[in-house]
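Please read the structure below before turning to the comments.
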Amino acid sequence: MTWLVALSAILHREALRFVGQRSRFVAALVRPLVWLFVFAAGFRAALGLSITPPYQTYITYEIYIIPGLCGMILLFNGMQSSLSLVYDREMGSMRLLLTAPLPRWWLLFSKVLAGTLVSILQCAAFLAVAAVWGIRLPFVGYLMVIPALLLSGLMLGALGLMLSSFIRQLENFAGVMNFVIFPMFFLSSALYPLWRMAEASPRLRDLCTLNPFTHAVELIRFALYGQVNLMAALWVALALAVFSAAALRGYDPARGVQNRKG
């Protein structure tokens, strides 16, 4: 019960922060909507798409980038949540949280889960706007995408948590975000299929294949069409385990780099 009370308290705090920061919600929607309404119209003729799973026929470019834009929301919100962790640590509230008589991994997991649930709400709002625009997906996909978004959001949240454990000052976080967000997003299948990348450079295609964000996007893509991409799910789960282990080590008072410096 104590663990659940702590989880509910952290979820409540993140919900209050989310409600109080409406501009954050709007910004999280504007970014993918600009890609959907503006860039997709320009890239539609330039990027031809072949029939590849999970698609059974030719699709428009707007339909193709929907999973990638959901991944964009998860990625940016995961980094935003980790930014709030750095801020909380500077203000002292993070230290107070981690001194609670509960396992440290549970407290950190609760923070990541709270941020992921907020991201899922933002993805739901984005998919609703896309449906109003005329981009409608199979109904079963809207249900099956929820666990895919949850797993992918936890993985990206754990990545942000790992980064926050090694960043000492809030001012340094913006530079780190640029070195993480943009390479992860553009070196993935979010905006173009990997076979297109292979035509330009097989090495870039290999980098995209190693990128965990690529597998998160593919997991979401297949889920939106009522299918399970088991290989993508395994890669995302593996990345989640690695990032979580690194984050726990970083926040360990005995071994963490941040805690030794502090």
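None of these values were measured; they are calculated from a predicted model.
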- Item | Approximate separation, where rounding is to 0.5 Å, of His215 NE2 and Cys208 SG | 10.0 Å
- If you measure from CD1 on Ile73 to OG on Ser119, what distance do you get to the nearest 0.5 Å? 8.5 Å
- Query: Any chain of hydrophobic side-chain contacts (each under 4.5 Å) joining Leu154 to Met144?
  - Reply: no
- Task: Could you tell me which non-hydrogen atom of Pro67 sits nearest to which non-hydrogen atom of Leu224, and how far apart they are?
- Result: CG-CD1, 3.9 Å
- Query: Can you name the closest pair of heavy atoms from Gln122 and Leu29 and give their distance?
  - Reply: O-CD2, 3.6 Å
- Message: Quick check for you: to the nearest 0.5 Å, what is the distance between Leu230 atom CG and Trp235 atom CH2?
- Response: 13.5 Å
- On a heavy-atom basis, the closest approach of Ala233 and Leu151 is O-CD2, 4.0 Å
- Query: Is a side-chain donor or acceptor of Tyr61 paired with a backbone partner of Tyr192 at a separation under 3.5 angstrom?
  - Reply: no
- CZ of Phe186 to CG of Leu191: how many Å apart, nearest 0.5 Å? 6.5 Å
- Query: Given the rule that I, L, V, M, F, W and Y join up when any side-chain heavy atoms are under 4.5 Å apart, are Phe222 and Ile59 in one cluster?
  - Reply: no
- Report yes or no: does Tyr142 contribute a side-chain atom to a donor-acceptor pair with the main-chain N or O of Leu137 at less than 3.5 Å? yes
- Query: Any side-chain heavy atom of Ile181 sitting closer than 4.5 Å to one from Phe76?
  - Reply: yes
- Query: Should Leu150 and Val140 be counted in the same cluster of Ile, Leu, Val, Met, Phe, Trp and Tyr side chains packed under 4.5 Å apart?
  - Reply: no
- Item | Cation over ring face, Arg221 and Tyr64, 6.0 Å, 45° | yes
- Message: With a 4.5 Å cut-off on side-chain heavy atoms, are Leu36 and Ile135 touching?
- Response: yes
- Could you check whether the rings of Tyr225 and Tyr55 sit parallel, tilted or perpendicular, using 30° and 60° as the cut-offs? perpendicular
- Query: Do the side chain of Ser188 and the main chain of Phe185 share a donor and acceptor less than 3.5 angstrom apart?
  - Reply: yes
- Are Phe37 and Phe126 co-members of a hydrophobic cluster defined by side-chain heavy atoms under 4.5 Å apart? yes
- Task: Taking the six-membered ring for Trp and the single ring otherwise, decide whether the centroids of Trp105 and Phe109 are under 6.0 Å apart.
- Result: no
- Query: Can you check whether Leu75 reaches Met72 side chain to side chain, under 4.5 Å on heavy atoms?
  - Reply: no
- Message: Quick check: do Met79 and Leu163 have side-chain heavy atoms less than 4.5 Å from each other?
- Response: yes
- Note on the structure: To the nearest 0.5 Å, atom CG of Leu156 lies from atom CG of Asn77 at 10.0 Å
- Note on the structure: The reported gap from CG in Asn229 to CD1 in Ile220 (rounded to nearest 0.5 angstrom) is 11.5 Å
- Closest contact, heavy atoms only, Asn211 versus Leu187: ND2-O, 2.8 Å
- Task: State yes or no: do Leu210 and Leu240 share one hydrophobic cluster built from I, L, V, M, F, W and Y residues joined by side-chain heavy-atom distances below 4.5 Å, directly or via other members?
- Result: no
- Message: Please find the pair of heavy atoms, one from Ser152 and one from Val236, that lie closest to each other, and give the distance.
- Response: CA-CG1, 4.1 Å
- Task: Check Leu149 against Ile120 and note the closest heavy-atom contact, atom names and distance.
- Result: CB-CG1, 4.0 Å
